[in-house]
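Every value quoted in this text rests on a predicted model; they were computed, and no experiment measured them. The first residue in the sequence is number 1, and the count goes up from there.
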Amino acid sequence: MAGTISRIRLENFMCHSSLHIELGEHVNFITGQNGSGKSAILTALCIAFGCRAKNTQRAATIKDFIKTGCSYAAIAVDINNQGEDSFKPDVYGNLIKLERRITESSSSTILKDQHGRKVANRKDDLNEIIEHFNIDVENPCVIMSQDKSREFLHSGNDKDKFKFFFKATLLQQVNELLETIRDQLNNADSVVQELEKSIKPVMRELDELREKIKNMEHIEEIAHDIDNLKKKLAWSWVYEVDQQIEEQTVRLQKLKERIPACQERIDRNTVVKLKIELEAEHERGTRTLEKMNGRLKQMQAQLRDFQMQHMQFTQAEASQIEEDMQNIQREIDYLDSNVTRLREEEKEFSEELSGIQKSISDIAKEIAESDKRILQLKSHMDGLQQRQSNTVTAFGGQKVLKLLQLIESNHGRFRSPPIGPIGAHLQLASESWSVAVDCACGGLLDAFIVSCHKDLQVLRECANRVYYNNLRIIVYDFTRQRLIIPDGSLPTTEHPTVLSVIQSENHTVLNVLVDQGHAERQVLVRDYEVGKSVAFDHRMRNIKEVYTSDGFRMFSRGSVQTILPPNKRPRPERWCSSPAEKIAELKNEVDGIQRIISEKNAQRRKLVNDRSNLEQKIANLKRKREPEERHLMNKKVQLEDGRRATAENNRHAAVDTTELEEDIKEEKNNIEQKELSLQKTNVKLTAALREVNDRRTAFKTFMDSVNEERLHFSSANDELDLVKRKIDAAQQEKTHYEGVMTTKVLPDIKTAEAEYADLQQRQQEYFKKASIICSESDMEALSHVAGSTPEQLSAKINRLKQRFDQESRRYAESIDDLRALHDKKERKILRKQQLYAGFRVKLNSCQKALDLRWKKFQRNAGLLKRQLTWLFNEHLGKKGISGFINVDYKSKVLSVELTMPQDASRDTVRDTRGLSGGERSFSTLCFTLALHGMTEAPFRAMDEFDVFMDAVSRKISLDTLVDFAVAQGSQWVFITPHDISMVKPGDRVKKQQMAAPRG
């Protein structure tokens, strides 16, 4: 059987110099005289299996077991290791050899296998064997030494019996262990309470620090406002120059529109001058003609006198004159219809020319807008192409890639790896909200998150190294759990919020969007009208801002309602799931716009050609109209002269005289020459009179008055002076407008163009500088700059700086230092709270486990008490005795009650001292066997168990012991100084006699 003892060897141990004992597997009797060293065998077993010297009640120290005169002592015990319960048979084999060597200064234990090879020498290895085989040498039911036999078997004290029972059933060991655990738990609870109390002063310091930080947060807000205003100031210069460029474009257009007006005034005054000069020449010819007409009238008068005397004017001549006047009238009608037709055609062409000019201007504006749109689309495509290679570039461009590489190379300097950019850790539930979420979160999507102030400084240093100077960095506790937002804090609307349409595997990112961006209170709507209704009409709770899907921002602050339009320079879509498809779509749009531009350019070229053709047609019409007008004027003058001559001739008749006719003929020739000269003058005059038809009536009136008062030449001189003054005035006005054109219009246009070019250059410079300070996309989070001039922003920055300096002087520490100290203390307190909470949880668990084990211990104790009574009666019944064992755990006493068979009264004996010696010894033996039956051990040993028994009781006791031992099947060792010849011999019983002690 595994765990039984096959051999014991002692050397220089107590009284033995050398002793070898072979034991059987079942019942072993060792007898001998007093002093022969029988009890030393059990003591050696106890020492070999690790019992302390004091517990053997034979020595104070282990070195006292060394035989007198010797320097060492050795104990060797062979343990059987066969069967199902064997211990590491592959290591030790069928036999485990236990050797204990004792010297004056030390002791050692060695474990060997069946071949004597050393396997182990640690006490833990021995304890492992003891626990495996359940060998408890301090249990009196395993080894009952001589002293314990005297103490138990021959004591009538109930407390001693209880101690024996309590120890033999291991209840004492378990009870002591549970009591020790309870004491330790109480001590631990006191320690944890002290630790929890020690946090309170630090918590008060943390509260004071939080209050101080709260008081200083407005300083940080001022600094943040200053930074934002600096960004606004940088971009306000850009936007102001943009406004100036627009205004300069309008001014330049107006200046260019002055050129045709000035040129028209110049041309008009040139015509007026020419007309006046021609009128003057016509007047001079008219006066000469009048003089000749006066002379002709004198001669005609003479002719009339002569004709009256001689003969009458012929009817044939009068008919010829009438026919000539009718021909002239027909020519005048024809010329007048031609001139009218040409003027109408010229007017139609002029109106058509104005329409073409307007169309050319509109097309030029459309082409400029299309070019601007192409630039925006190409910029959008560049952003998407960058994102196609790396999606992170959508949140910071190439600078963020360089920053991430630098963070990776400096990861050892960070306490926790930074998280960012925030936008790269987000996914949208639907791309339809991409513009709205982008407008709502703004620059927060490009920000990074760090866990402490030290990491912020390291990340800022890395950002500066890659020239990412405007990087936003947020300090946040990475250990903080996902924020749970109560329903009462959410907007009371069915429309989604920013927080509801975004997703992220990192709860810190979502926490930052809630704490820093109020994502749970930013409502998203589909269109403009719905947004106005949600933002302003219903006054819903917990709504900070409303964003439409196309980028409108709406919010109310008190009674003020604000609506901000989308950014005029939209950025590329940063959450596009398929950048390649979007790039292709944008490219198609660019191609479409370029085709439209090509078509517009073709239309503009055609319109320019049409304009040139119309201008040529108008010039041709003018060239045709002017000779017709001059010819018409001549015919009208000729007709008028003919009518006057006919009227004059009709009133008078002339006498044909040769001399007078010759003189008249000569004068007519002169008149014809003068009239020819006058006609030439009239041709020139007709060209100057194309726009002054209204003067014709005045001219006719003037001619009539001249005919009536031909002799009044003084009025003609006055008119000549007036004509000169008009010519001078026209010349001065022409010179004035030519000067305006030369000194003002053209220089102003040139200056405006130079200013326009300078504004464009300044705009590029300001744009470049502003982009270094912050990207234009960051301006969305800062609201629009429109309405604030750079001077106003500079003044506001100066005021905030003064306020910042005043507030900063109130505190010695910076808010970053206070926050770093707060975070440090908070982390320290949190670690302690978590640690102490863990202690408390473990203590509670241990306390519950202890209470459970204590209940199990009490239940098992009750079961063992009943089991002991059953076994005790079973053994007593072999002699016809019955009994009862009462165990009082509270009073720690064990009493035995017996009912003897010869007692007719059947009275119960409550005090065993009232029994005979044999009866008391037998009842005690039955009690012992009952305890043995309740314990398990591979071997058991009893020393002097049969002392103070008479012969009959000893025989009954020995028979009972042998029968019990054989029936139980374990190994037993009985040591007695008495004769055991009455023990029945058998295969399972082995007897050995110790040598007599030497005198």
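- For residues 509-532, every residue pair satisfying the ring-ring contact (aromatic ring centres under 6.0 Å, His included) rule, not counting sequence neighbours, is listed here: Y528-F552.
- Of the residues listed (V400, L406, L471), the one engaging V466 in a side-chain contact (heavy atoms from CB on, under 4.5 Å) is L406, and it is the only one.
- Annotation for R604 and A364: closest pair NH1-CB, 4.0 Å, computed over non-hydrogen atoms.
- Counting non-hydrogen atoms of neighbouring residues, nucleotides and ligands closer than 6.0 angstrom, the CD atom of E351 exceeds 12 such neighbours.
- Looking only at side-chain heavy atoms (C-beta outward), L564 and F555 come within less than 4.5 Å of each other.
- Between the side chain of S236 and the backbone N or O of L233 there is at least one donor-acceptor pair closer than 3.5 Å.
- In this structure, the side chains of T548 and D527 stay at 4.5 Å or more apart for every pair of heavy atoms.
- Contacts of E589 classified as side-chain hydrogen bond (donor to acceptor under 3.5 Å, both in side chains), with partners at least two apart in sequence or in another chain: R373.
- With sequence neighbours excluded, the residues forming a side-chain contact (heavy atoms from CB on, under 4.5 Å) with S359 are L607, listed by chain and number.
- Using a 4.5 Å cut-off on side-chain heavy atoms (C-beta onward), I374 and I597 make contact.
- Residues passing the salt bridge (Lys or Arg N to Asp or Glu O under 4.0 Å) test with D550: none are found, sequence neighbours excluded.
- Nearest heavy-atom pair, S549 versus V435, reported as atom, atom and distance to 0.1 Å: O-CB, 3.4 Å.
- With sequence neighbours excluded, the residues that form a side-chain contact (heavy atoms from CB on, under 4.5 Å) with E345 are R341, L342, L621.
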For R611 and L614, what are the C-alpha separation, side-chain angles and deciding distance, and is it a side chain to side chain contact (heavy atoms under 4.5 Å, CB included)? CA-CA 5 Å; R611 182 182 63 183; L614 282 175; 5.7 Å; no
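- With a 6.0 Å radius and a threshold of 12 heavy atoms from other residues, nucleotides or ligands, K796 has its NZ atom at or below the threshold.
- Under the side-chain contact (heavy atoms from CB on, under 4.5 Å) criterion, E765 pairs with Q761, not counting sequence neighbours.
- I419 has its side chain out of reach of Y476: every pair of non-hydrogen atoms, C-beta onward, lies at least 4.5 Å apart.
- Between F448 and L403, the closest side-chain pair of non-hydrogen atoms falls below 4.5 Å.
- Between L426 and L445, the closest side-chain pair of non-hydrogen atoms falls below 4.5 Å.
- Residues M554 and V525 are not in side-chain contact: their nearest non-hydrogen atoms beyond the backbone lie 4.5 Å or more apart.
- Side chains of Y468 and D446 form a contact here, defined as non-hydrogen atoms less than 4.5 Å apart.
- In summary, R595 and D591 do not engage in a salt bridge, as defined by a charged side-chain N under 4.0 Å from a carboxylate O.
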Intermediate values then yes/no, side chain to side chain contact (heavy atoms under 4.5 Å, CB included), L428 and I502: CA-CA 5 Å; L428 284 183; I502 59 176; 3.7 Å; yes
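- With a 6.0 Å radius and a threshold of 12 heavy atoms from other residues, nucleotides or ligands, K544 has its NZ atom above the threshold.
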Verify side chain to side chain contact (heavy atoms under 4.5 Å, CB included) between Q516 and R472, making sure each step is shown before the conclusion. CA-CA 12 Å; Q516 301 288 331; R472 183 176 180 183; 4.0 Å; yes
